[in-house]
Each structure stands twice: as structure tokens, then as C-alpha cells.
A.B. asks: 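Sharing a structure below in C-alpha cells format, with a few things to ask.
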Amino acid sequence: MLSRILQSINTNVRELRGRQQSPLSPISAKAVSADEKDHDPGVPLVQESKSTEILAVAGDNKSRQLLFCGGDLPVPAKQRAVTTYCEKGAVHLEKTVELCLKANSLNDPLTRSSSKLSRTVHLAKHKSTVLHVGVRQIDRKRKLSNQPALDTRKKHRKDIETQVTDNIISIGNGNTKSRQSRRRWCRRCGTIETCRWRTSPAGSQTACNACYLMVKGKSLPDTEFENFLIYPLETLKISVQSGEHIKKSQKANMQNTKQLYAKNANKTSSASLYEKTAVINNNKKLTVEATAMQCANIQCRTKITLVWRRGPDGVKCLCNRCGLRWANDRLPKDQIVPVNFIPDKTCAHLSLKELSVSSLSQAERPNPYVKIRSNIFVERKHTRHNRKSPVCQCTIPVDGSLGCSEDCLNRMMFYECDVQTCPCGKLCSNQRFQHKEEVNDLNVFWTNRRGWGLQTLTDIKVGQLIAEYRGEIISQKLCEERLRTVYKDTNNFYFLDYQNGEVIDAAAKGSDARFVNHSCDPNCHIEKWAIGGEVCVGIFASQDISAGSELFYDYNYTLIGSGVSQKCRCESTKCRGYMGRKASVREHSSK
Ligand SMILES: C[S@@+](CC[C@H](N)C(=O)[O-])C[C@H]1O[C@@H](n2cnc3c(N)ncnc32)[C@H](O)[C@@H]1O
């Protein structure tokens, strides 16, 4: 029975080979020599022998290695070779044969009756008949370049070759070397689809066409292409779960990946790879998940996109697809309604005022920055622990209230008491920075005219510490350098005078206080408090502030920027017109 089936297949394969010189040409177990490489593709490379009947071919699309499984030769060494090849993750032997036969059958109408084939595979597996292996390096480029013209026969062969390997890849179970080697994704934006893969500093075929063209010629740092170090599984996972804008093939890919991980869940390496992927691609994951943005196109409303694009108001409120449609005049304006404009259940708790100010807050998010809980001293060590605060003369109030109130000497001198030396001990109320007694209900929102701003969602009492202005403590020199280089194209500055000519830069690392805008008629002010040997800068309420109000302080030239005065848009009746005068950094910080 088996021999009949094999005979039938071999006849088919021979017919196929005779007609179109498919890549299923038989080959011995040895590697192909240079001569063979330059061999006319019309003639079989190796004389066919009984022992090298072709049953299957598997392809690794990247290395162009073809694995041939030949006829009934139970040679132990070759058996081992197949096993090794399969164990290395190329593909399970049975699967290889099955898939390859399927692929093969696509090319050859005569072998399309696959019941015989699968029976062969079955037998091959159980009787170890499919054991002969030959590995051949196909250097397609070289072959093509050796011949002046691409004659039809060669073209035909090339087509079939691609078709066969492509078929294997698309039918593969995701656990194959070929699939892994074919995984391409842009290291900058994480996309897995592009019309053309390009070379980036991260290597060959690591940039999508768009990112390549965007970065090309701009001499951006190499790190531009380090956002996605690992295949963006997480992004895909989210996409598949939401089922939005994802093609079937991507879903299938993801299913395969999921299965793969489910299968290998108990293997440490795979599990850690999975975790690593999540961590390394965390940035992107965060952008996708944490922003909770929704596309403003009422017929789309997706939360998943790799790029948020600008809509009619210049605000990034459209997903990639809708953004492109809007840009190409293929999306009507009345169809674009940012989510929070519709007062639904989720907004019901907000007052109208709050709604109007926060209406765009979810449509776009501020540029990412790192939230820090204490200042970072970039060029020197902080001296807080070297010097103790002076000890006040307060006593613990007998009525059980908190000590160190308005008449505390330290408080009057803008010193915070020391936790260990204050006579009031735990009842000391003059340790607000140290205990982080800041307002919790603060909201970053889009103000339209001043960019992002900060509002309070709770009533604040006069004199209350609202937020500490934290950031990187840098010298004037470094500040100037950053102005010349990193911030040369920006209009938003997050510098604030620290002490002794040093500056707080909250652009990359900081706290919510960095979003407080300037007003010529502010409701807050800045105070500097000494704690040990260092200073803490805080935003304090100058008056009682009601919930929903935006917080402002008068930059009063203490905000150090480009040195050029910026037009003030505080909209108060006392507006001076400009936030600062034309002054240099040195001038500012000497104040
Ligand atoms: C410390 S940041 C404040 C947060 C900032 N609005 C944002 O979007 O991130 C200071 C910058 O905000 C802008 N800004 C603050 N107050 C402003 C005002 N009253 N008028 C115009 N722009 C203002 C200026 O661009 C300034 O450089």
C-alpha cells in the first residue's frame, strides 16, 4: 500500500518536475557546490536516485534554505539530521511534510487529491520512512544576476518557489523558524505592515517605509529606532482583543502567538520572553492603554491605534486610519466629534464648567514625562541629609491640636521642622513637604490657549500647599546648553529658579506642578522652603480656590525660557500682555 502511494506521489512529482522545474528537485544530503549553484535551473541539480524521492520541501524564507525530505531511507545519521533540524524549531516533521505537500499540491493539480498524501504522511511518521534530508542554500539573487535576462522559465520557477515557501509560511503553526525569521516590525513605531521594509540604525529591514522616510536626512539619534526591541506582541494582543482595524491575517498571527505562549507557558524561557516583551515595549503599550483615548470619528471610536492624528482643531483626536482619511478629505467634518463632547454617563458627575474645560482632555495627552517623588540632582549630590533644620521653640498644644502653627519660628523663616528634632514630634504641622501633604485631586486638562493646564477638582484653602514643583536640578550652564540643543524648537519651558543660580528643569522629569500656567492675576504663588540643606519649591494657594478652577501663578520672570518674552494668554483683566521680558537666562536666574 505504502509503496503504491509513494509511487503515485513520485510519479506526480516527476511529472511536476518535468513540466516546470519546481524547487522540489531531488538533492542528496550533501551541501550544494558552487557549480551547482550556477547550474541551469532547467536541469535537476543532482541525478535522481531511488533513495532521494521527494516527498516534501520546507522553506525558511529568510535564509532561503530548503529542507528536502526524501524517500524511504532509514539512515540513522540522516534521521538525526532531520530530528535536529526539527528540534531547532524549524518545524515539526509531520507538520513539515503535511504543509509542504499541501503547498506542493497547490502547484500541481495532479497531486491535489490530498487524502493519499495525508495517508503517506501518516505512514511516514509511524514507519520512519521520510527521513532523507538535504539542505541546500539557494542564492536566488546571485543566480538571477548571473544570467542576463530573466527568461520565462526562470521567472516561472521563481514564482513557484516563492509560492511554495509562502504557502508553507502562511499555513505554518507559528512555531516555525520560517515564521520567526519572517517577523518584521518597525523598531520605531512597532508596525508590522508596510509597503516596503527599510534599513535603519537598528539593522536591515527594521524600519517601516514611513519611519524611514520621516527620519531620513534629519540626523536623529539612533535611539529613535529603539522603541520596539521585541516583536510588538502586546500591541497586537490588545488589537486582537478589541478586534478593531485588524486584518484577518494579523488575527491569525496573534492566535498563533497566543497558542505558542500558552503551549510554552511552563517553559521559563518563553514565559520570560513574554514578560520581557511586555516590559520592553511598555512605552508603546502605555500609549495605547493608559491614554484611554477614543477616535473622534463617531463611526469609529477605536481606542487602538499606533499613531493618533490631528483632526479639524489641530488636536490629535483621530486614529491613524481616520486621521489619514480626514487629511485626504475623505472624512466629513460633522462626523468628527471628540468623545467628551457627548455628555454621557461617564461625564455625568462633572459640572458644566468642568465639562467645558475638560472636554478635550482625553482627545490628546501631554508629551510624556517621568513623574518623580523628589528632585533629581543631575550634576551634584543633594545635601539634605548633611545639615539639620534649626530647632523651633514650640511646645505641644495642650488642647491636642497640631503644633508648630503660625507662630512657629521655623515656619516664619520658611524652614520645615526636622522630624527627629522638633519639640512637637509627630504633632508638628510644619513638615508639609516631607509628608507630601499636597492636593490629590488635581487634573491636567487642555486649555486651548495656553496648552495644558492644571485645575483642582476639590476646594482649596488659602495658604495650602498644592503641589511641589519637582524636576531635575541643573546648573545654569547646563540649562543654557539644553536651551540651545534639546529645547531649541519648543515654546513650552519648564524651568524654574531653584537656589544659588541653579535651575529646576521639569520638562523630562517632574510633578503635576509643571502644568501650572502663568496668569497676571494668579490664584497661587511660589514658596521656597528649606529642608535640611536643600530647598523645596512649592505652589501654594494665595486665596480660597473652588473646585474646577484652573491654577495659576505669576511666573514673574522666575520662569526661565528661551530668553524671549512670550505673549500672555491668561485672559485676566490685569494682563500685562507678555509673560516675560526679553532677558537672558543669566539675568533671570540672578534674580
Ligand atoms: C510650565 S509650562 C506650563 C504647561 C504648559 N502650558 C504645557 O502645555 O505643558 C510653561 C509654558 O506654558 C505656556 N504658558 C503658560 N502660561 C501661559 C500664558 N498665560 N499664556 C500663554 N502661554 C502660557 C508657555 O508656552 C510656557 O512656556
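Every number for a ligand or one of its atoms is a count from 1 in the order of the listing. The analysis underlying the following values was restricted to heavy atoms, covering all of them including side chains, and did not include hydrogens, waters or symmetry mates. The shown structure was predicted, so the numbers you read here are calculated from the model rather than taken from an experiment.
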A.B. asks: Which of the numbered atoms in ligand 1 are under 4.0 angstrom from any heavy atom belonging to Asn491?
C.D. replies: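 Listed by number with element: 25 (O), 27 (O).
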A.B. asks: Quick check on Gly453 - does any of its heavy atoms sit under 4.0 Å from an atom of ligand 1?
C.D. replies: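 Gly453 does not count as a contact of ligand 1 under the 4.0 Å cut-off.
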A.B. asks: Do Phe515 and ligand 1 have an N or O pair less than 3.5 Å apart?
C.D. replies: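 No: no nitrogen or oxygen of Phe515 is under 3.5 Å from one in ligand 1.
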A.B. asks: Is it the case that the side chains of Glu472 and Asn375 hold a donor-acceptor pair, with the cut-off being a distance below 3.5 Å and no angle test?
C.D. replies: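 Glu472 and Asn375 do not have a side-chain donor-acceptor pair below 3.5 Å.
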A.B. asks: Quick check on contacts: which atoms of ligand 1 are under 4.0 angstrom from a heavy atom of Gly451?
C.D. replies: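 Reading through ligand 1 atom by atom, the close ones are 8 (O).
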A.B. asks: Would you check if there is a donor-acceptor pair between the side chains of Asp512 and Tyr469 at a distance under 3.5 Å?
C.D. replies: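 Tyr469 vs Asp512: no donor-acceptor pair found between side chains.
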A.B. asks: For His518, take its heavy atoms, then give the atoms of ligand 1 lying under 4.0 Å from any of them.
C.D. replies: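 Contacts of ligand 1 toward His518, numbered from 1: 15 (C), 16 (N), 18 (C), 19 (N).
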A.B. asks: For ligand 1, which atoms, with element, lie under 4.0 Å from some heavy atom of Cys568?
C.D. replies: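 Result: 19 (N), 20 (N).
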A.B. asks: Which ligand 1 atoms, with their elements, are less than 4.0 angstrom from a heavy-atom of Arg514?
C.D. replies: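 Those qualifying, in numeric order: 1 (C), 2 (S), 3 (C), 4 (C).
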A.B. asks: So between Val444, Leu454, Asn517, whose heavy atom ends up nearest atom 3 (C) of ligand 1?
C.D. replies: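 The option holding the nearest heavy atom is Asn517.
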A.B. asks: Quick one: sort the Tyr553 and Tyr555 rings into parallel, tilted or perpendicular, breaks at 30° and 60°.
C.D. replies: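 It falls in the tilted class, 30° to 60°.
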A.B. asks: Which one holds for Tyr555 and ligand 1: side chain close, backbone close, both close, or neither close, with close meaning a heavy atom under 4.0 Å?
C.D. replies: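 Just the side chain.
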A.B. asks: Do Gln335 and Asn297 get their side chains close enough for a donor-acceptor pair, meaning under 3.5 Å?
C.D. replies: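 Their side chains do contain a donor-acceptor pair, which is all the 3.5 Å distance test asks for.
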A.B. asks: List every atom of ligand 1 that sits less than 4.0 Å from any heavy atom of Cys570, numbering the atoms from 1 in the order shown and giving each element.
C.D. replies: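 Listed by number with element: 19 (N).
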A.B. asks: Ignoring hydrogens and geometry beyond distance, is a side-chain donor-acceptor pair present between Thr206 and Arg198 at under 3.5 Å?
C.D. replies: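 No pair is found: no donor N or O on one side chain lies under 3.5 Å from an acceptor on the other.
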A.B. asks: For Asn443 and Gln455, test the side chains for any donor-to-acceptor distance below 3.5 angstrom and give the result as yes or no.
C.D. replies: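 Per modelled atom types, Asn443 and Gln455 side chains form a pair under 3.5 Å.
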A.B. asks: Can you list the residues that meet the salt bridge (Lys or Arg N to Asp or Glu O under 4.0 Å) rule with Arg380, with sequence neighbours excluded?
C.D. replies: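 Glu502, Glu534.
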A.B. asks: Counting from 1, what ligand 1 atoms have a heavy atom of Lys567 closer than 4.0 Å?
C.D. replies: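 Counting atoms of ligand 1 from 1, those under 4.0 Å from Lys567 are 20 (N), 21 (C).
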